[in-house]
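Single-structure report; data block below.
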Amino acid sequence: MRTSQYILATLKETPSDAEIVSHQLMLRAGMIRRVASGLYTWLPSGLRVLRKVENIVREEMDKSGAIEMLMPVIQPADLWEESGRWEQFGPELMRFTDRHNRTFALGPTHEEVITDFVRKEVSSYKQLPLTLYQVQTKVRDERRPRFGVMRAREFTMKDAYSFHLSEECLDATYQVMHKAYCNIFDRLGLDYRPVLADTGSIGGSVSHEFHVLAESGEDAIAFSDKSDYAANIEKAEALAPTEERPAAAKELKAFPTPDAKTIDELKKHYGVKPHRGVKTLIVYGTPDENGQRGLVALIVRGDHELNELKAEKHPLVDSPLEMANEADIIAAIGAKPGSLGPVGLTMPILVDRTANVMADFVAGANKDDEHYSGINWDRDVTEYEVADLRNIVEGDPSPCGNGTLHIKRGIEVGHIFQLGTKYSEALKAGVLNESGKNQIMTMGCYGIGVSRIVAAAIEQNNDQYGIIWPQPIAPFDLAIVPMNMHKSHRIPDIANNLYDSLKAAGLDVLFDDRKERPGVMFNDMELLGVPFTLVIGERNLDENMVELKNRRTGEKLMIDINTAVEAIKAAMNA
RNA sequence: CGGCGAUUAGCGCAGUUUGGUAGCGCACUUGGUUUGGGUCCAAGGGGUCGCAGGUUCAAAUCCUGCAUCGCCGACCA
């Protein structure tokens with residue numbers, strides 16, 4: 001590609017609405033432009049990267065035995081009603097009606113469509129197992145799109161679905177996919193980790209996420225320093241402390257706290273250390289047969305955070321978790337949030353494992369502007385249940401029993417699930433088994449955020465000058481930057497010849513033939529992140545040499561023009 | 001969805017307090033100059049100041065409503 005016939009579209013200045021570095025650099029490097037909130041046009045350079053990621057994903061999926069197909073973005077509402085997700089999915093599902101007033105959705109995922117396809121086309125156990133996939137545009141009406149293509153409303157996803165007769169068979173394919181995903185992220189040249197994950201609204205039992213590690217990541221991941229254990233923080237179990245609860249030493253005593261509504265204020269005004277007090281959070285309980293929801297108190301240590309996923313999985317707690325409003329709290333307890341505690345509560349009380357080993361602790365007195373000190377379990381609060389309710393924190397013991405947990409941030413770029421029969425059951429997708437009986441299929445599903453990978457790769461690979469692409473996904477392998485070509489007699493021929501032979505050697509070459517000053521060209525190539533730049537200048541031509549510069553290391557290599565193609569290939573493989 | 005903020009040329013911004021017919025830098029066009037790291041000089045093109053109402057002799061500027069965008073939170077995965 002010649003820059004004179006290309007649309008480079010680089011920017012000197014950073015558009016003000018771009019928050020994270022990948023978004024800024026994608027705009028500045030001329031990869032994307034915003035059309036509306038969460039909607040982007042991919043410019044030629046951006047599309048080149050997207051396609052390279054896509055192709056690596058495709059190659060590894062094919063290698064794993066999955067078969068590519070393509071389903072429509074537009075999906076009929078009927079299928080979603082059949083699975084129950086028309087109601088359940090919420091406003092994130094973009095819905096519309098056609099001219100005949102029939103209702104449709106823009107696909108945020110394709111479990112319904114693929115299950116519908118397979119139930120119609122597959123009828124015998126002999127056709128199983130079967131793994132189908134597509135690379136396709138997904139639509140999710142995100143409440144708050146942000147970070148450019150990282151969390152967009154329209155994005156490219158590879159989604160795969162597998163169908164089985166048994167859990168064992170599903171598990172085998174799941175392992176194959178896990179491996180295929182590792183191969184993909186290895187080939188992409190990214191620093192990533194597979195982690196245990198929650199299954200969320202997609203449903204199912206076993207699940208792993210694949211995270212690209214980056215400070216800007218929206219997820220927190222917990223790692224053991226002594227084992228392979230890694231889990232999304234929302235999933236990581238906080239083990240019960242090994243130490244025994246100390247014996248009660250103090251009397252229960254109320255004290256006035258008019259200036260303290262929060263743990264911080266309790267510390268500031270009354271010297272109560274956060275780990276010596278507990279937080280009491282009031283949430284709604286599971287509805288009774290009349291649909292009425294009572295209240296449930298959740299207790300965690302003052303310096304810990306409630307893990308909402310863990311809480312809402314408890315049978316007493318309504319899901320999704322909802323914090324009780326102030327009016328309901330006052331009606332039930334007689335005190336406002338800020339002075340709540342477990343002593344004297346009549347509602348069910350769930351106590352986090354760590355809070356349960358506290359003695360002589362502080363909490364609200366369930367009376368405005370008053371707290372208790374010297375609270376002790378079993379003596380002052382007798383009816384309660386112990387559960388894992390909190391987020392793990394740095395330094396907690398690993399749930400695998402080996403090592404200590406450390407927390408890093410990650411960007412979720414892949415997610416695999418063992419779905420079980422959630423969708424096949426709902427859509428009655430069965431096959432005849434060996435004994436001629438109809439049997440519901442067991443499913444797995446496997447997603448990769450292709451467009452998100454592009455942004456995640458930049459988060460991990462950039463410097464003050466711009467993007468530094470991992471070679472396999474760079475928009476171009478090499479840029480040819482001739483010095484003052486338009487004034488030189490010999491440079492145009494040499495540059496053109498090298499351009500032709502490098503292209504013939506199968507490389508993606510960007511030939512900067514603009515009539516620009518060297519600095520402009522160098523800066524643009526560095527911003528775009530092209531891994532190698534071949535500088536052709538009068539200075540070295542007398543020795544028949546050109547200069548090969550490595551974007552990542554900054555290393556400059558003088559190579560002979562006559563063996564340039566070989567030298568460049570060698571450098572790329574180094 | 002709640003809180004906060006923004007909206008003036010393709011991009012980044014000033015001008016709004018104190019109303020008087022819109023400006024700077026980058027980018028773009030033309031000519032010259034320069035040429036191994038975003039040259040310099042000159043001349044140009046480009047804006048119903050987010051939209052709609054209102055106040056006023058006069059509105060980018062004051063008032064009301066709306067829209068869009070962003071940040072924080074909640075939500076979602």
Side-chain angles (χ1 to χ4, degrees), chain A residues 7-20 23-24 27-28 30 33-39 85 88-94 108-109 111 138-148 150-153 155 157 159 197-204 207-211 217-219 232 234-235 306 308-309 312 319-323 325 410-417 445 447-449 452 464-466 481-488 491 512 514-527 533-541 545-547 549 554 556 558:
Chain A
I7 178 145
L8 211 46
T10 52
L11 301 174
K12 263 191 195 175
E13 282 165 306
T14 304
S16 60
D17 57 356
E19 174 92 351
I20 60 170
H23 189 194
Q24 294 172 351
L27 290 165
R28 286 193 54 210
R33 289 291 184 265
R34 195 182 66 86
V35 175
S37 176
L39 301 173
R85 287 209 291 184
Q88 191 199 342
F89 213 91
E92 208 156 301
L93 184 64
M94 192 90 87
T109 175
E111 281 81 9
K138 296 283 185 275
V139 179
R140 292 183 190 175
D141 192 2
E142 290 283 347
R143 192 173 288 203
R144 190 178 156 205
R146 61 186 133 170
F147 304 149
M150 193 79 87
R151 183 172 287 274
R153 292 198 288 176
F155 56 99
M157 181 169 170
D159 47 325
D198 187 73
T199 50
S201 75
I202 301 279
S207 174
H208 286 82
E209 289 168 350
F210 289 76
H211 282 264
E218 292 189 89
D219 289 88
N232 194 308
E234 64 187 24
K235 173 82 175 176
L306 177 72
E308 299 191 5
L309 269 165
E312 72 188 24
S319 178
L321 182 112
E322 193 183 339
M323 303 296 283
N325 66 40
I411 300 165
E412 183 190 342
V413 288
H415 202 162
I416 58 178
F417 303 79
C445 85
I448 287 185
R452 183 181 277 186
Q464 57 177 309
Y465 303 109
V481 177
M483 300 291 96
N484 307 309
M485 182 164 71
H486 302 272
K487 287 283 174 65
S488 163
I491 290 177
D512 200 344
R514 292 176 296 173
K515 198 175 173 180
E516 283 289 355
R517 293 172 59 83
V520 174
M521 297 195 275
F522 286 135
N523 280 310
D524 275 346
M525 294 310 116
E526 279 160 16
L527 177 57
T533 301
L534 191 63
V535 185
I536 305 175
E538 288 287 346
R539 198 197 269 175
N540 299 312
L541 279 185
M545 301 294 260
V546 288
E547 182 185 297
K549 190 173 171 189
K556 293 173 183 172
M558 297 304 292

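Protein chains get the first letters and strands the later ones, always in sequence-line order, with residue 1 at the start of each.
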Taking side chain to side chain donor-acceptor pair (under 3.5 Å) as the test, write out the residues that go with Arg514(A), two or more places apart.
-> Asp512(A), Asp524(A)
Please state the P separation for the pair rA60(B) and rC51(B) - nearest whole angstrom.
-> 11 Å
Quick one: list whatever passes side-chain contact (heavy atoms from CB on, under 4.5 Å) with Glu218(A), sequence neighbours left out.
-> Arg146(A), Phe147(A), Arg151(A)
Say you pick atom P in rU18(B) and the same atom in rU8(B); how far apart are they, in whole Å?
-> 23 Å
Could you please name the partner base of rU7(B), counting Watson-Crick and G-U wobble pairs only when both distances are under 3.5 Å?
-> rA67(B)
Dump every N/O contact between nucleotides 42-44 of chain B and the protein below 3.5 Å, one line per pair.
none

In B/S/- notation, 5' to 3', how is nucleotides 30-40 of chain B contacted by protein heavy atoms closer than 4.0 Å?
-> ----BBBBBB-
Separation of rC75(B) atom P from Glu234(A) atom CD, nearest Å, is 12 Å
When the distance from CD of Glu218(A) to P of rC75(B) is rounded to whole Å, what number comes out?
-> 14 Å
Taking atom P in both rG32(B) and rG20(B), compute the distance separating them and give it to the nearest angstrom.
-> 43 Å
Quick one: list whatever passes salt bridge (charged side-chain N to carboxylate O under 4.0 Å, His left out) with Glu308(A), sequence neighbours left out.
-> none
Contacts of Arg517(A) meeting salt bridge (charged side-chain N to carboxylate O under 4.0 Å, His left out) (sequence neighbours excluded), chain-then-number -> none
To the nearest Å, how far apart are Glu13(A) CD and rA9(B) P?
-> 14 Å
How long is the line joining CG of Leu306(A) and P of rA74(B), in whole Å?
-> 12 Å
rU16(B) versus rU34(B) - spacing of their P atoms, nearest Å | 43 Å
Less than 4.5 Å apart, any side-chain heavy atom of Pro108(A) and any of Glu92(A)?
-> no
Look at the side chain of Glu308(A) and the base of rA74(B), then say whether one donor and one acceptor between them are separated by less than 3.5 Å.
-> no
Using a cut-off of 4.0 Å on non-hydrogen atoms, how would the nucleic acid contact of Arg33(A) be classed: base, sugar-phosphate, or nothing?
-> nothing
Atom-pair distance (CG on Leu321(A); C1' on rA74(B)), nearest Å = 12 Å
For rU18(B), the Watson-Crick or wobble counterpart (both distances under 3.5 Å) = none
rG46(B) to rG10(B) separation - C1' atoms, rounded to the nearest Å = 10 Å
Length of the line joining Glu209(A):CD and rA77(B):P, which is rounded to integer Å | 12 Å
Residues forming a salt bridge (charged side-chain N to carboxylate O under 4.0 Å, His left out) with Asp141(A), sequence neighbours excluded | Arg153(A)
Could I get the full list of side chain to side chain donor-acceptor pair (under 3.5 Å) partners for Asn232(A), not counting sequence neighbours?
-> Glu209(A), Asp219(A)
Rounded C1' spacing from rG19(B) to rU56(B) in Å | 9 Å
Side chain of Arg28(A), backbone of Glu13(A): donor and acceptor closer than 3.5 Å?
-> no
Please list each protein N or O that sits under 3.5 Å from an N or O in nucleotides 70-72 of chain B, with the distance.
residue: rG70(B); atom: OP2; partner: Ser37(A); partner atom: OG; Å: 3.2
residue: rC72(B); atom: OP2; partner: Arg144(A); partner atom: NH2; Å: 2.3

In whole angstrom, give the distance that lies between atom CZ of Phe89(A) and atom C1' of rC75(B).
-> 13 Å
Partner residues of Glu538(A) under the salt bridge (charged side-chain N to carboxylate O under 4.0 Å, His left out) criterion, sequence neighbours left out = Arg490(A)
Sequence neighbours excluded, which residues qualify as side-chain contact (heavy atoms from CB on, under 4.5 Å) partners of Ser16(A)?
-> none
In whole angstrom, give me the gap between the C1' atoms of rC41(B) and rG54(B).
-> 49 Å
Base paired to rG44(B) (Watson-Crick or G-U; both N/O distances under 3.5 angstrom) = rC28(B)
About how many Å separate CZ of Phe522(A) and CD of Glu516(A), when rounded to the nearest 0.5 Å?
-> 13.0 Å
Along RNA chain B (nearest heavy atom to each residue), the more 5'-positioned of Arg153(A) and Asp219(A) | Arg153(A)
Rounding to the closest angstrom, what is the interatomic distance between rA77(B) and rG5(B) at atom C1'?
-> 28 Å
By the Watson-Crick or G-U definition, both distances under 3.5 Å, rG73(B) is matched with rC1(B)
Apply side chain to side chain donor-acceptor pair (under 3.5 Å) to Lys138(A) and list each qualifying residue two or more places apart in sequence or on a separate chain.
-> His110(A), Gln136(A), Asp159(A)
Chi angles and distances behind the side-chain contact (heavy atoms from CB on, under 4.5 Å) call for Lys235(A), Leu309(A) | CA-CA 8 Å; Lys235(A) 173 82 175 176; Leu309(A) 269 165; over 6 Å; no
When rounded to whole Å, the CD1 to P distance for the pair Ile448(A) and rA77(B) reads 20 Å
